[in-house]
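Numbered from 1 within each chain, the chains take letters A, B, ... in sequence-line order. Values below: every heavy atom of this structure, side chains too, minus hydrogens, waters and symmetry copies.
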Number of protein chains: 2
Amino acid sequence: MNETGYRVAVVGATGAVGQQMLKTLERLNFPVSSLLPLSSKRSAGKKVVFKGEELTVQEATPESFEGIQLALFSAGGSVSKALAPEAVKHGAIVVDNTSAFRMDPDVPLVVPEVNEDDIKKHEGIIANPNCSTIQMVAALEPIRKAYGLNKIVVSTYQAVSGAGAEAIDEMYEQTKQVMNNEEVKTEILPVGGDKKHYQIAFNAIPQIDLFQENGFTFEEMKMINETKKIMSDNTLEVAATCVRLPVETVHSESVYIEVEQNNVSVKDIHGALEGAQGITLQDDPTNQVYPMATTAAGKDDVFVGRVRKDLDRDNGFHLWVVSDNLLKGAALNSVQIAFSLDKLGLLKK
Amino acid sequence: MNETGYRVAVVGATGAVGQQMLKTLERLNFPVSSLLPLSSKRSAGKKVVFKGEELTVQEATPESFEGIQLALFSAGGSVSKALAPEAVKHGAIVVDNTSAFRMDPDVPLVVPEVNEDDIKKHEGIIANPNCSTIQMVAALEPIRKAYGLNKIVVSTYQAVSGAGAEAIDEMYEQTKQVMNNEEVKTEILPVGGDKKHYQIAFNAIPQIDLFQENGFTFEEMKMINETKKIMSDNTLEVAATCVRLPVETVHSESVYIEVEQNNVSVKDIHGALEGAQGITLQDDPTNQVYPMATTAAGKDDVFVGRVRKDLDRDNGFHLWVVSDNLLKGAALNSVQIAFSLDKLGLLKK
């Protein structure tokens with residue numbers, strides 16, 4: 001711990017993202033004077049490790065946030081809805097990794113590389129965008145800054161870890177069942193709370209989260225609405241098709257964009273991406289260099305490759321965007337928001 | 001065999017597609033009076049079964065085609081380039097499932113549901129399109145007929161069987177290696193003949209076939225060029241991003257289109273697809289009904305679901321198109337071309 005740091009609570013500390021939050025706070029040396037791991041009643045009593053110290057997880061209640069300066073939430077939307085306002089009442093600033101407040105007009109939705117300044121408008125809660133949104137806007141913002149952006153059509157290739165640790169187990173169990181010619185059991189994916197469950201092993205499922213009335217899934221609508229909010233552009237055209245794959249971690253995305261300017265070249269797009277914060281360009285077709293889940297796993301950056309100019313529309317481009325959904329897609333972005341809060345002097349001393 | 005049928009040769013009879021060709025000729029009861037299975041020297045002597053009869057595979061040579069009326073080729077582009085003209089010289093009509101002649105202006109490129117009449121222009125060879133192209137144009141043609149079509153942006157989710165039987169083995173071997181925490185051996189995918197090989201198990205590889213100078217892969221250019229040729233529309237805008245997945249059989253595709261007419265509804269698109277030849281509409285989000293690889297495997301049809309109207313462009317639509325790449329994507333389409341040849345009276349009696 002750090003005497004001059006902040007009193008930090010992590011809600012959902014035993015989950016896949018919560019665990020990555022603890023690791024990321026430690027790895028990036030965020031100034032923490034005390035770390036309080038919180039969870040549901042079910043997981044209370046479990047142990048987690050932070051900076052070599054074993055800590056006992058406590059059940060999250062309104063009173064848990066007494067004296068807390070920063071609370072990172074990643075325990076599901078209903079927990080955030082119930083407890084984030086309580087944390088704020090107790091004086092904490094909340095960084096929330098659920099969809100509970102993302103589209104609330106009073107809550108900034110932040111990817112620091114894109115819209116760090118929006119944090120200043122916070123009223124206690126800052127929302128962390130959806131994983132598939134974060135990596136896409138991080139990759140597109142340098143292009144938008146340089147050449148403008150009119151339209152996005154994205155098709156995703158998403159990892160099962162986005163559906164939680166149980167979905168990872170299910171994928172590996174089903175894989176064994178297929179390999180052993182056993183009956184394949186389906187209990188969780190595509191959506192734990194939906195009516196039907198389908199095999200993810202050796203398959204691709206075009207459903208992530210529940211269907212909305214307009215035929216898009218909630219995941220697709222998150223990508224559409226969050227992108228417009230983060231980029232502060234309601235006229236930006238965005239469409240998404242979200243697909244789950246038998247991949248443990250790291251989301252990939254096939255992205256078609258139309259920029260505002262004409263006569264932009266692939267070299268120009270490369271130039272915009274090279275050196276951009278948090279972006280690694282991996283684009284050398286001659287040497288088969290392009291981003292993949294296997295090479296991006298465990299890494300902080302958003303990897304971009306396969307940049308091609310559309311053969312028909314002068315302002316059209318195609319990109320392949322890959323990033324670790326538990327890191328930049330979740331824990332890392334939340335911790336980066338915490339660093340921004342510190343930098344902007346918004347955390348109470 | 002059928003006394004009144006045709007003398008048919010299948011070149012590449014021991015391969016994954018060749019095997020499906022034999023099964024499909026039998027299953028659909030194509031009129032065959034004699035079946036000659038041909039292969040490379042390496043596979044000659046192997047046995048195949050056709051209509052309960054065991055047949056010995058012979059090495060394909062120019063002389064093999066003496067007396068043959070119909071030759072189905074699926075043994076790689078170089079074999080087709082060398083032997084298809086020889087088969088034609090001997091009086092056979094060739095249906096070629098390789099990329100050797102697809103873009104030859106004298107060779108019709110045919111999906112019977114779309115452009116059966118093009119067969120009439122043949123000069124001995126009819127080309128079977130690429131698997132990923134076939135299912136897409138089959139799904140889009142009924143929409144194009146009803147409402148016109150200006151633009152296609154497709155992202156594919158392609159099965160390893162498209163890269164041959166060895167790629168299937170590699171995927172399952174790598175899966176075992178990952179599950180057992182062993183070193184993962186990479187020898188074939190993404191492209192057997194390319195320099196580097198990457199893990200496909202629990203991954204997504206954005207490369208199918210070799211890279212071209214414009215940054216697109218050959219697979220992507222096949223989808224682009226073949227679609228324009230099959231639909232006889234050089235002004236049609238087409239772009240593709242082709243991605244290999246750890247799925248054994250069945251390709252899925254996320255397709256964005258812009259139609260010519262305005263005020264078209266999802267119901268209109270459904271209406272165009274319902275009852276279209278070779279198409280099954282599976283689109284009921286309320287009941288989580290959409291096409292998937294696991295449910296389309298082994299089936300003849302092209303399955304279409306997730307039809308959504310774009311939220312920004314009135315003429316934009318999104319679809320999810322799924323089909324068995326070894327059946328409609330290869331063997332079935334070739335046999336359908338053979339049926340069309342018979343129906344049009346183009347096979348010599």
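- Among the candidates V322(B), V247(B), N203(B), the residue making the largest number of heavy-atom pairs closer than 4.5 Å to chain A is N203(B).
- Ranked by heavy-atom pairs shorter than 4.5 Å toward chain B, the options E248(A), Q199(A), K196(A), R313(A) are led by R313(A).
- Heavy atoms of other residues, nucleotides or ligands lying less than 6.0 angstrom from CD of E166(B) number 12 at most.
- When heavy atoms are compared at a cutoff of 4.5 Å, F211(B) approaches chain A solely by way of its side chain, counted from C-beta outward.
- Between chain A and the options T249(B), V160(B), T156(B), V250(B), heavy-atom pairs under 4.5 Å are most frequent for T156(B).
- In summary, D284(B) and R306(B) do not engage in a salt bridge, as defined by a charged side-chain N under 4.0 Å from a carboxylate O.
- The contact between F216(B) and chain A is made by backbone and side chain atoms together, counting heavy-atom distances below 4.5 Å.
- Heavy-atom pairs under 4.5 Å with chain A peak, among D310(B), L210(B), N287(B), at N287(B).
- Y172(A) and F202(B) have their aromatic ring centers within a separation under 6.0 angstrom.
- Ranked by heavy-atom pairs shorter than 4.5 Å toward chain B, the options D194(A), V191(A), T175(A) are led by D194(A).
- In this structure, Y157(B) and S155(A) approach most closely via the heavy-atom pair OH-CB, 3.4 Å.
- In this structure, the portion of V243(A) lying under 4.5 Å from any heavy atom of chain B is its side chain and not its backbone.
- Contact count versus chain A (heavy atoms, under 4.5 Å) is highest, among L311(B), V307(B), V153(B), for L311(B).
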Take Y256(B) and F317(B), measure what ring pair (Phe, Tyr, Trp, His ring centres under 6.0 Å) needs, and give me the verdict at the end. CA-CA 6 Å; Y256(B) 168 70; F317(B) 288 90; 9.1 Å; no
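- Chain B forms more heavy-atom pairs under 4.5 Å with one residue of P246(A), G316(A), A293(A) than with any other, namely P246(A).
- Inspection of the N150(B) and E237(B) side chains reveals no N or O donor paired with an N or O acceptor under 3.5 Å.
- Only the backbone of P291(A) comes within contact range of chain B, judged by heavy atoms closer than 4.5 Å.
- Contacts between T286(B) and chain A at a heavy-atom distance below 4.5 Å involve the backbone alone (N, CA, C, O).
- Across A163(A) and A167(A), no two heavy atoms sit closer than the pair CB-CB, 3.6 Å.
- Residue D283(B) does not touch chain A at all, counting heavy-atom pairs closer than 4.5 Å.
- With chain A as the partner, the residue from T217(B), D312(B), T235(B) showing the most heavy-atom pairs under 4.5 Å is D312(B).
- With a threshold of 4.5 angstrom between heavy atoms, A240(A) approaches chain B through N, CA, C or O but not through any side-chain atom.
- Contacts with chain A were tallied for P190(B), P285(B), S252(B), A239(B); P285(B) has the most, counting heavy-atom pairs under 4.5 Å.
- Contact record, K229(B) with R102(B): NZ-O, 2.7 Å, taken as the closest heavy-atom pair.
- Shortest non-hydrogen contact noted between L327(A) and K299(A) is CD1-O, 3.5 Å.
- Contacts between M179(A) and chain B at a heavy-atom distance below 4.5 Å involve the side chain alone, from C-beta outward.
- A salt bridge is defined here as a Lys NZ or Arg NE, NH1 or NH2 lying under 4.0 Å from an Asp or Glu carboxylate O, and K309(A) with D268(A) fails to meet this definition.
- The local environment of NZ in K195(A) is crowded, with over 12 non-hydrogen atoms from other residues, nucleotides or ligands closer than 6.0 Å.
- Using a 4.5 Å cut-off between heavy atoms, I224(B) contacts chain A through its side chain alone, with no backbone atom that close.
- Proximity of T295(B) to Y198(A): side-chain heavy atoms (C-beta onward) are nowhere separated by under 4.5 Å.
- For K151(B), the part lying under 4.5 angstrom from a heavy atom of chain A is the side chain only.
- For chain B, the nearby part of E220(A) is the side chain; its heavy atoms alone come within less than 4.5 Å.
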